[in-house]
There are 2 protein chains.
Amino acid sequence: MISKKTKYGLKALTYIARQEGNMVPIAQIAEKEHIPHKFLESILLLLRKSGFLGSKKGKGGGYYLLKEASEIYMTDVMRILEGPIAPVACVSLNYYEKCEDCDDETTCSLNKLMIQVRDANLNVFRNTTLENLK
Amino acid sequence: MISKKTKYGLKALTYIARQEGNMVPIAQIAEKEHIPHKFLESILLLLRKSGFLGSKKGKGGGYYLLKEASEIYMTDVMRILEGPIAPVACVSLNYYEKCEDCDDETTCSLNKLMIQVRDANLNVFRNTTLENLK
DNA sequence: GCATAATCCTACTTATCCGATAGGGAATAT
DNA sequence: ATATTCCCTATCGGATAAGTAGGATTATGC
């Protein structure tokens, strides 16, 4: 199950994408998408620092997409918001960590299944962009 | 990412399946798979109560599979150990819950993507049994 | 019958993370 | 100036994850 952070983040990105380049203030997204204002603020901050969003302060300011919606892939968004796409770190492409309880990963009984799950999810996320959510 | 409970549970089931019907005591699994004994105990208890395992107390006792490994589907095991397979409750087949922040689920921008993710995972788990992990 | 080996069960602890909030600071438009 | 908006750090309560404790219960073999 994905976190609310991820869910809110995806909804916010979609909302912004629909405004076609206009500045979108946090308050507007929060109200329309029923997301707690301050929580959303921290999520948009993260998305800005991660290179998805630009922002402008002051009256008339807000957030906007830095790239075309069709160039924003779910693989990248999910990795920032949710973390690893793989179900276990030892088969993660971007967040690899050695397995503590395994003597040998290549002979681990779960390895194949975990890779299948990872690839099934990657396949979905690689073929979905923000444009597809609009 | 799956929990350690799930990972340990799957490893334990695989280990038991490999013993071809013999009684397997907790201590043996814990040692060979490097799983904390008491933690494993609670997991096996759950798997027994869920109908996957049988047990026998006393000397020479232990756990054994109640069904053929080829009849134990990952969909069922994962739902017990990890919970919903769907990434959000509002597209879950077995753990459905209404979405709080959505006015209308059918028009939610995330709905399609979440269903795709759910189905991708279901497809893997439906086509994998414990026999495949042996 | 008794020691031993195993599961059964409830409760507890401890640490971590999630979701959310607080409170001000800094920039910008009018 | 002032209102508006994002920026940043810190904090907090609650839930969940991971693991532990300790004894009760049941079965075996001598």
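Reminder, nothing fancy here: chain letters follow the sequence lines and each chain counts from 1. Below, each value reflects all heavy atoms present in this structure, side chains not excepted, and no hydrogens, waters or symmetry copies.
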| Sequence neighbours excluded - salt bridge (charged side-chain N to carboxylate O under 4.0 Å, His left out) pairs with any residue from residues 43-52 of chain A | none

| request: Over all heavy atoms of both residues, which pair between B:L93 and B:R126 is shortest? Give the atoms and the distance, please. | output: CD1-NH2, 4.1 Å

| request: Using the ring pair (Phe, Tyr, Trp, His ring centres under 6.0 Å) rule, collect all pairs that involve residues 9-63 of chain A, keeping only residues at least two apart or in two chains. | output: A:Y8-A:F39

| field | Same apolar cluster (I L V M F W Y, side chains within < 4.5 Å links), A:L45/A:I29 | value | yes

| field | Pairs satisfying salt bridge (charged side-chain N to carboxylate O under 4.0 Å, His left out), at least one member in residues 5-29 of chain B, at least two apart | value | A:D101-B:K7, A:D101-B:K11, B:E20-B:K134

| message | Could you tell me the boundaries of the chain A footprint on DNA chain C, defined by atoms under 4.0 Å from its heavy atoms? | response | C:dG19 to C:dA29

| query | By a strict heavy-atom criterion of less than 4.0 Å, which residues belonging to residues 56-67 of chain A are in contact with DNA chain C? | reply | A:K56, A:K57, A:G58, A:K59

| field | Pairs satisfying salt bridge (charged side-chain N to carboxylate O under 4.0 Å, His left out), at least one member in residues 63-91 of chain B, at least two apart | value | none

| remark: Nearest heavy-atom approach of A:L13 to A:L130 is O-CD2, 3.7 Å

| message | I'd like to know if the side chain of B:N127 pairs up with that of B:N123 as donor and acceptor (distance under 3.5 Å, no hydrogens or angles considered). | response | yes

| said: Clusters formed by hydrophobic residues whose side-chain heavy atoms approach within less than 4.5 Å: which one holds B:Y64, and what are its other members? | reply: B:M23, B:L66

| note | The correct set of residues in residues 30-53 of chain A placing a heavy atom under 4.0 Å from DNA chain D is A:K38, A:E41, A:L45, A:R48, A:K49

| query | Is there any ring pair (Phe, Tyr, Trp, His ring centres under 6.0 Å) pair reaching into residues 93-134 of chain B, and which pairs are they, with sequence neighbours excluded? | reply | none

| request: List for me each residue that meets side-chain hydrogen bond (donor to acceptor under 3.5 Å, both in side chains) alongside B:T106, sequence neighbours excluded, and say none if there are none. | output: B:D104

| said: Let me check the geometry of the helix from C:dG1-D:dC30 to C:dT30-D:dA1. What is the bend angle between the axes at its two ends, five pairs each, to 10°? | reply: 10°

| Got a sec, which pairs hit salt bridge (charged side-chain N to carboxylate O under 4.0 Å, His left out) with one end in residues 54-65 of chain B, sequence neighbours left out? | none

